[in-house]
Number of protein chains: 2
Amino acid sequence: MFFGTLFIMKLTARQQEILDYLHSEHRRSGIMPSTREIQKHFGFASQTAAVSHLRALEKKGAIVKEERKARAVMFADAADREPIVDVPIYGAIPAGYSDDTEPTPDGTLSVDVCSMGLTERSKAYALKVRGESMIGAHIMDGDHVVLEYREPRDQDIVAALIDGETTLKRFVTSGRKPYLKAENPDYPDLIPAQELLIQGVMVGLVRGASRRW
Amino acid sequence: MFFGTLFIMKLTARQQEILDYLHSEHRRSGIMPSTREIQKHFGFASQTAAVSHLRALEKKGAIVKEERKARAVMFADAADREPIVDVPIYGAIPAGYSDDTEPTPDGTLSVDVCSMGLTERSKAYALKVRGESMIGAHIMDGDHVVLEYREPRDQDIVAALIDGETTLKRFVTSGRKPYLKAENPDYPDLIPAQELLIQGVMVGLVRGASRRW
DNA sequence: CGAGGAGGGGGACAGATGAACACTAAAAAT
DNA sequence: ATTTTTAGTGTTCATCTGTCCCCCTCCTCG
C-alpha cells in the first residue's frame, strides 16, 4: 500500500485501550506515561508489550513518536481535541462576590470547553443545586450547574444573591423592569432584579451518578 | 511566612519566561521540555540553571514536579485533577449492539470520572436525547446522557433498542417481570423488558450551552 | 502449508534525564 | 550590614527510559 501512513488505520480493541490510557493520562496530568508505566498499568510482565503497542499505534498513524526521547509521544489528531477547563465547585457563594479571596471550592469539575460553550478565558464555576426551586427548568437537587460571569440576558437562568444566599432563578426582562422568577410554584417568584447581585449565568449542567433518578 | 507554599507567590520576570516557555512547548507538542532542553533554549551554559529555576517555580506553587521522573512537570492547576475519559457521542445506536464496527461518533464528550462515578475501565458512551420522552425524569431534548454497559437495576434509566431505535426508558422490576416505563404520559410505557436489548445504563447527564432553557 | 500480524515474556544496553555538590556574583530583603 | 533570594557555571552520579534482541502462542490469509 503506497499511502498507508496517510490513513488512520483501524485500531484493535487493545490498541484503542492503550491509546485511551495515554490520552486520559496526558490530559489529566499533562505527563505522558513512559513505556514502563504503561506496562505497570496494564499489568504486562514485560516492557516489550507496551513498546510493541506503541509501535503499532505509530504504524497506524494514531501517534507520532520522537526517537530516543523520554515520554515523547504526540497524538496525531491533537488538533480536534477540545481543551479541558477546571471549574471549581462551590456549595454556595457567600456575600463577597468579586473579592480576591475566593471561597474554598468543594471540588473541581473538569469539562471540555466545547460541551459547555465556554471559552478558556471565561472564569466559570459550578454550583451544587440544593432544593427543587428550579425543577420546572429540569434542574434537580444535587445537580451541578456551571455558571459564567457575564451580563444576563432575557430568560437566562442566573445565580443571584438573595438574603445572603445564592439561589438559581430565571432572569426575565419581558416587562419594563427585570425580575427574577423561580421555576417552582412552591417558591416565591417575581423578585425585582434591582439591588440584587447576579453572580453568574448558567451555561451548562452536569448530573452525576451515585444518586437515584 | 509559615504557609508560603500554599500561596502562589509572585514570579520574577525570568521565572515567568521559563514558565511561558514550558507552557508554549507543552501546548504545541504535548511534550514537556527536559532540563537540558530548557538549558539549550535559554542558552544556559549549565544545566543547573534550568534545574534551579524549576525548583523556584515549584516552591512558588506554579508547577508541581514528580521526583526522578523524566519530563514530569505538571502545571499547578492540573496537579489535583481527576482522571478524564473521552466518551463518544452517538445520535443513536443502530441494531448491531455489541458488534465490533461501532458507529462513527458524532463527537466526543470529556468528563472527569469522578463526577459521573465512572471507572476508567468502563466503556461509557453518550447519547444525544431526542424528544421529551423522559421529561418526567428531568431529561430534556438535546441533553447528553452518559451511559455505561452493565446490568440494569430496578429504577435505573436505560437505553433500550425498541423497533430498531434507541430510546431512554426507566427499568422497573417491581412486579414479577421487568418492564420499561417512559417518563412522559404522552408516551407508551410498560413495555415488557424481555426480548429487548438494554444498550446501557444511565450514569450521568451533561446539558450544554447554545440552547435555551 | 507458510507468512505475517497481534499480543506477550525476559533480559541487556546505552543514551536521556533528574539530582546533587561546590562555587560565584549581583540583587533584594531584613 | 547581614542574610536570603535570584541567577548562574561546571561536573559527577544514579536512575529513568527507549531500544534492541531472541523467545513464545494464537490467529488469519493466501
Side-chain angles (χ1 to χ4, degrees), chain A residues 1 4-5 7-22 25-26 29-75, chain B residues 1-2 4-5 7-22 25-26 29-75 100-101 121:
Chain A
M1 190 195 300
T5 55
F7 299 101
I8 294 182
M9 292 155 76
K10 194 167 182 309
L11 304 181
T12 66
R14 197 65 165 149
Q15 288 165 1
Q16 187 64 52
E17 267 187 85
I18 308 274
L19 187 62
D20 286 343
Y21 169 64
L22 296 181
E25 273 306 298
H26 184 255
S29 65
I31 300 174
M32 189 68 70
S34 68
T35 55
R36 281 163 183 87
E37 284 168 354
I38 299 172
Q39 174 191 352
K40 253 173 234 158
H41 180 263
F42 287 94
F44 296 146
S46 168
Q47 177 198 175
T48 311
V51 172
S52 61
H53 272 119
L54 286 185
R55 230 191 298 269
L57 285 173
E58 184 168 36
K59 203 178 65 176
K60 294 192 176 181
I63 61 172
V64 178
K65 288 202 304 169
E66 278 188 46
E67 304 238 311
R68 302 195 162 273
K69 263 173 71 170
R71 301 166 188 275
V73 173
M74 287 179 285
F75 297 107
Chain B
M1 188 195 299
F2 290 105
T5 54
F7 300 99
I8 294 183
M9 292 153 78
K10 198 171 178 307
L11 303 182
T12 67
R14 197 65 166 148
Q15 287 164 1
Q16 188 64 53
E17 267 187 86
I18 308 276
L19 187 61
D20 287 344
Y21 169 65
L22 296 183
E25 275 304 299
H26 187 255
S29 66
I31 299 172
M32 189 67 72
S34 68
T35 55
R36 279 166 182 86
E37 283 168 354
I38 299 172
Q39 172 192 355
K40 252 173 236 161
H41 180 263
F42 286 94
F44 297 145
S46 167
Q47 178 204 169
T48 312
V51 173
S52 61
H53 271 121
L54 286 185
R55 228 192 300 269
L57 286 174
E58 184 167 35
K59 202 177 69 176
K60 294 190 178 183
I63 61 171
V64 178
K65 287 201 302 170
E66 277 187 49
E67 304 233 314
R68 303 197 157 274
K69 267 171 68 170
R71 302 167 189 273
V73 172
M74 287 180 281
F75 299 108
D100 43 353
T101 53
R121 231 157 323 294

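Treat the numbers as computed from the prediction; the structure is a model and nothing was measured.
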Under 3.5 Å, is there any donor-acceptor pair linking the side chain of Ser46(A) to the base of dG8(C)?
no
Could you tell me the separation between the CZ atom of Phe75(A) and the CD1 atom of Ile63(A), rounded to the nearest 0.5 Å?
8.0 Å
Which value, rounded to the nearest 0.5 Å, describes the distance between Gln39(B) atom CD and Gln47(B) atom CD?
6.0 Å
In B/S/- notation, 5' to 3', how is nucleotides 22-30 of chain D contacted by protein heavy atoms closer than 4.0 Å?
---------
Distance test, side-chain N/O of Lys10(B) to OP1/OP2 of dA29(C), below 4.0 Å
no
Spatial distance of atom CZ (Arg14(A)) from atom CD (Glu17(A)) [nearest 0.5 Å]
5.0 Å
What is the separation between atom CG on Leu11(B) and atom P on dT5(D), rounded to the nearest whole Å?
16 Å
Along DNA chain C (nearest heavy atom to each residue), the more 5'-positioned of Arg36(A) and Ala49(A)
Ala49(A)
Interface polar pairs with nucleotides 23-28 of chain C, N/O, under 3.5 angstrom:
none

Under 4.0 Å from OP1 or OP2 of dA7(D): is there any side-chain N or O of His53(B) that close?
yes
Are any of the side-chain nitrogens in Glu58(B) or Arg55(B) under 4.0 Å away from the carboxylate oxygens of its partner?
no
Would you mind reading off the distance between Ile38(A) atom CD1 and dC16(D) atom P, rounded to a whole angstrom?
17 Å
Expected list for residues 66-74 of chain A near DNA chain D, using heavy atoms below 4.0 Å, is Glu67(A), Arg68(A), Lys69(A), Ala70(A), Arg71(A)
Leu54(B) CG to dA7(D) C1', in whole Å, measures 14 Å
With rounding to the nearest 0.5 angstrom, report the CD1 to NZ distance, Ile31(A) to Lys65(B).
11.0 Å
Tell me: CD of Gln39(A) to P of dT19(D), nearest whole Å?
15 Å
Under 4.0 Å from OP1 or OP2 of dA7(D): is there any side-chain N or O of Gln15(B) that close?
yes
Which is more 5' along DNA chain D, the nucleotide nearest Lys65(A) or the one nearest Thr12(B)? Just name the residue.
Thr12(B)
Counting distance only, does the side-chain N/O of Gln15(A) pair as donor-acceptor with the main-chain N or O of Thr12(A) below 3.5 Å?
yes
Could you tell me the separation between the CZ atom of Phe42(A) and the P atom of dG9(C), rounded to a whole number of Å?
13 Å
Roughly, in whole Å, what's the span from CD in Glu37(A) to P in dC16(D)?
11 Å
Parallel, tilted or perpendicular: rings of His41(B) and Tyr21(B) (30°, 60°)
parallel
Assess whether one donor atom and one acceptor atom, taken from the side chain of Gln47(A) and the base of dT19(D), lie less than 3.5 Å apart.
yes
For the atom pair CG (Leu11(A)) and CG (Leu57(A)), what is the distance rounded to the nearest 0.5 Å?
6.0 Å
Checking the side chain of Glu25(A) only, and the main-chain atoms of Leu22(A) only, is there a donor and an acceptor separated by less than 3.5 Å?
no
Atom CD of Glu58(A) to atom C1' of dT19(D): distance rounded to whole Å?
13 Å
Separation of Ile31(B) atom CD1 from dA16(C) atom P, in whole Å?
15 Å
Taking His26(B)'s backbone N and O only, do any of them form a donor-acceptor pair with Ser29(B)'s side chain (distance below 3.5 Å, no angle check)?
no
Inter-residue atom distance Arg71(B).CZ - Thr35(B).OG1, 0.5 Å rounding
9.0 Å
Once you measure the plane-to-plane angle for Phe44(A) and His53(A), does it fall in the parallel (<30°), tilted (30-60°) or perpendicular (>60°) bin?
parallel
